[in-house]
Each structure stands twice: as structure tokens, then as C-alpha cells.
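Atoms within each ligand, like the ligands themselves, are counted from 1 in listed order. Bear in mind the structure is a predicted one, so any value in this text is a computation, not a measurement.
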Amino acid sequence: MTDTDTARKRIDEFIAPFRVKPGSKVTLAHDFDPAFKAGIEKKKRGVELLETGVQMLAEYQARLAAQDTYGVLVVLQAMDAAGKDGTIRHVMSGVNPQGVAVHSFKVPSAEELDHDFLWRYAQRLPSRGEIGIFNRSHYEEVLVVRVHPENLDRQKLPKDTRDDIWQRRYRAINDWEHYLCENGFRVVKIFLNLSKEEQRRRLLRRIDLPSHNWKFSAADLKERARWDDYQKAISRCLSHTSTEWAPWWVIPADRKWFARIGAAAVLVHTLMDIDPQFPAVDDEQRTSLLEVKAQLEAEAPDGAAPDPFEEEQKPAETAAS
Ligand code: AMP
Ligand code: MG
């Protein structure tokens, strides 16, 4: 086995418990433990693992961009204070900002409400070679909108489309993601799974630390009051929209460092699966490169090496041979 095969096997084993099996019926509180840490006892060890993950991501992202064939959409969902922003910041810290686009979705605007429910998300999809991150996503359309149906009233839907609306939306989302996948765009869906008690602790921290006050929103408290309704909506959503082409990954999020390793591992897994390659030049391109090389060498001023770069490389090569 090559090193890559070994790394891949370890990552696959690490993330396997987080995968929502397509077709399974999920009860979040029963099936997934927010405090799970996969036998990684020390945060220090976790930080080392994250560094490895971040480095691997950077390498794969460079190849993804160079190949310019596949795109990756990362969907991040979670309850408030679960660490979505921090996860994005840490996991993507090594990648070239030119190859990544992050979009946060808030309460829809009047213009957005004037379109079909997937419209605004479709406008923000990554291009080929790019990693797009949705901080909240089209899944809000079956989560916050389901918990607060007054949102649905604002969407101006024809009356007859409101029967079985959630089943229809699950189906529309699955079809849309399947379509994206068949067009070369992989959809990586991550749910950061926070416990109610850890959320309480983090909200209090935002109040107690003056430098964190800006993060506190009274709206978060109102949503917290609906905790059980959210857990139910999330469980249903995971049950209906985890598919072979775009499975959900439920990442334990009570420890921030663990959530970050989990998210990085799922993303690395996807990129390893795509296995993007730097484009290779064919014989014809190689020949024309050599022609240009001869031309540039002929332009060398008096006293300059014909190819200064080749000259620089030389001593190292002689030493090595
Ligand atoms: P935050 O991500 O904390 O800045 O908050 C964004 C807010 O926008 C959250 O309260 C979401 O519930 C809300 N939001 C996001 N998408 C939608 C949607 N499609 N319909 C209604 N509210 C939404
Ligand atoms: Mg918020």
C-alpha cells in the first residue's frame, strides 16, 4: 500500500461513524453523541491531526483548481454557537483564498422571496476547480422554515404546492444535488452536532466575555427555546436527504477542536475520492515549449547564462548524481 492508500484508509475509518446511511431513520439525540471524540484523548493530539488535515486540503485544493474539472460544495448546518464560523476559518486556513468562496445565508430578501426556493442557493454555487462553502444553506428551507412556518407564508407559494411541502422539498433537494453531482460538482454536507448544555455554556460565554458580546443575539435565545422542534426537523431532514451521491456527515461538535478535525477529514476524503491531477502536457505541447525555450535562450544578453534557471538547478543535480 502507498502512503496515500494508508492515509485514505485511516481517514475513511475515522469518518465512517459520522456518515448518515442513506435510507436510515435518524433520531439525532439517540444516534449521534455530540461529545464523541473517537479515542483522541488529548486536544494537543487533535491539533496535530488538524494541521495534517489542513496541509492535505491545501495540496488537494491546488490540484482541484489546476485540473478545473470538478467543483466541491460544502454545506455547513448547525444550531447557533456550534462553531460554523470557526470551523470554516480553521479548516480552510491553509488553502489559497482564490480557490474558495464562502457564502452565508440569512433571512431571504424580497427579491429572493420572489423566486423558487432554490434560486438564491443556485446563484452561489462554486465553479469548476473551486471549493464553495455554504454557511447555512438550502437546508434552512426545511429547518428554520419548518420550525417557523410564517417563513413559508412569505414565500408566496401557490396554494396547491403546499400539500406535502416537506416531502416535495426533500425530493427537490435530492434531485438538485444529484444533478450537480452528475455535472461534476460534489456536495459535502456537514452537520455540526452540538448538545443543548454546551450551547448554553457557549451563549453564556458570549455574554460574560465583553470581547464576545457582539456575537450574542437575542434571537439565538428564541431559537434555543425551540430546541426540541429543531432536533426533530433536523432528524427528519437527515433521514430524507442523506443519499448515495450526497450523504450527510454528523460531526460531534461539543469540542471545537474535534469538530474541526471531523470537518477537515470529511472534506479531505471527498478530495481524495476526486483525486484531481495537475494537467500533463502532451508531446506536441512539449515540443512547442522547447521551441520557445530556444528562443528565450537566444535572447540572453552578453555574459548572462542562456537559461539562468537551469544554471541555478545544476549544482544540486551534480551533487545528487
Ligand atoms: P446567522 O447565521 O447567525 O447570522 O443568522 C442568520 C439567520 O438567518 C438565522 O436566524 C437563520 O435562521 C436565518 N435564515 C437563514 N436562511 C433562512 C431562510 N431560508 N428562511 C428564513 N430564515 C433564514
Ligand atoms: Mg447567529
Side-chain angles (χ1 to χ4, degrees), residues 28 73-92 101-125 132-157 161-162 165-166 168-174 176-177 187 189-194 196 198-207 209 211-238 240-241 248 251 253 256 259 263:
L28 199 51
L73 171 65
V74 180
V75 166
L76 256 189
Q77 285 293 148
M79 293 297 284
D80 289 309
K84 293 196 301 296
D85 302 83
T87 299
I88 295 170
R89 199 167 60 242
H90 283 84
V91 171
M92 304 314 281
V102 185
H103 299 286
S104 301
F105 292 96
K106 313 279 176 189
V107 178
S109 69
E111 190 196 13
E112 288 167 347
L113 289 171
D114 236 0
H115 291 267
D116 64 277
F117 84 98
L118 289 174
W119 182 79
R120 68 169 180 160
Y121 309 99
Q123 287 188 316
R124 299 280 178 264
L125 288 171
I133 302 177
F134 282 1
N135 182 346
R136 301 190 190 274
S137 66
H138 47 297
Y139 283 97
E140 291 296 340
E141 303 291 340
V142 293
L143 297 173
V144 66
V145 177
R146 187 167 193 172
V147 173
H148 299 282
E150 55 286 11
N151 286 299
L152 200 56
D153 299 335
R154 282 186 216 112
Q155 295 189 357
K156 309 203 270 182
L157 301 168
T161 64
R162 290 192 55 161
I165 183 125
W166 310 116
R168 286 172 192 251
R169 288 199 165 181
Y170 295 145
R171 195 203 60 218
I173 288 171
N174 289 341
W176 188 54
E177 291 175 355
V187 187
K189 305 187 299 205
I190 294 172
F191 178 74
L192 297 181
N193 190 25
L194 184 73
K196 194 175 183 189
E198 181 60 19
Q199 188 196 50
R200 189 177 76 93
R201 210 185 69 83
R202 291 188 192 174
L203 291 177
L204 280 168
R205 186 168 179 271
R206 288 179 180 184
I207 296 171
L209 294 177
S211 65
H212 285 61
N213 285 173
W214 65 273
K215 276 195 193 176
F216 184 80
S217 152
D220 293 352
L221 224 61
K222 269 169 76 188
E223 298 312 299
R224 177 176 167 80
R226 304 292 302 273
W227 183 273
D228 292 344
D229 296 325
Y230 271 107
Q231 295 287 300
K232 207 164 141 188
I234 293 161
S235 298
R236 286 169 159 173
C237 169
L238 295 173
H240 286 96
T241 61
W248 271 106
I251 310 285
K256 287 180 180 174

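Contacts of Y230 with ligand 1, taken as heavy-atom pairs under 4.0 Å, are absent altogether. With a heavy-atom cut-off of 4.0 Å, V144 touches ligand 1 through its side chain alone. With a heavy-atom cut-off of 4.0 Å, H148 does not touch ligand 1 at all.
Between W166 and H240, the distance from one ring center to the other does not fall under 6.0 angstrom.
Scanning A81, P108, A219 for the heavy atom closest to atom 20 (N) of ligand 1 points to P108. Distances from atom 17 (C) of ligand 1 to the heavy atoms of R136, E112, R120 show the closest one on R120.
Annotation: side chain to side chain donor-acceptor pair (under 3.5 Å) contacts of D228 (sequence neighbours excluded): none.
The Y121 neighbourhood of ligand 1 comprises atoms 19 (N), with distances under 4.0 Å to a heavy atom of that residue. Those atoms of ligand 1 that come under 4.0 Å of a heavy atom in N151, given as number and element, are 21 (C). Listed by number with element, the atoms of ligand 1 under 4.0 angstrom from any heavy atom of V145 are 20 (N).
R205 CZ: 12 or fewer foreign heavy atoms inside a 6.0 Å radius.
Note that CG of L28 and CE of M79 are 10.0 Å apart. Values are rounded to the nearest 0.5 Å.
In this structure, Y139 falls outside the shell of residues with a heavy atom less than 4.0 angstrom from ligand 1.
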Practice item. I would like to know whether N174 and R171 meet side-chain hydrogen bond (donor to acceptor under 3.5 Å, both in side chains); could you show each step before the answer? Key: CA-CA 5 Å; N174 289 341; R171 195 203 60 218; over 6 Å; no

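By the 3.5 Å distance cut-off applied to N or O atoms, K106 is counted among the residues near ligand 1.
For the pair R120 and F105, the cation does not sit on the ring face, since its NZ or CZ is not both under 6.0 Å from the ring centre and inside 45° of the axis.
Shortest non-hydrogen contact noted between E141 and R169 is O-NH1, 3.2 Å.
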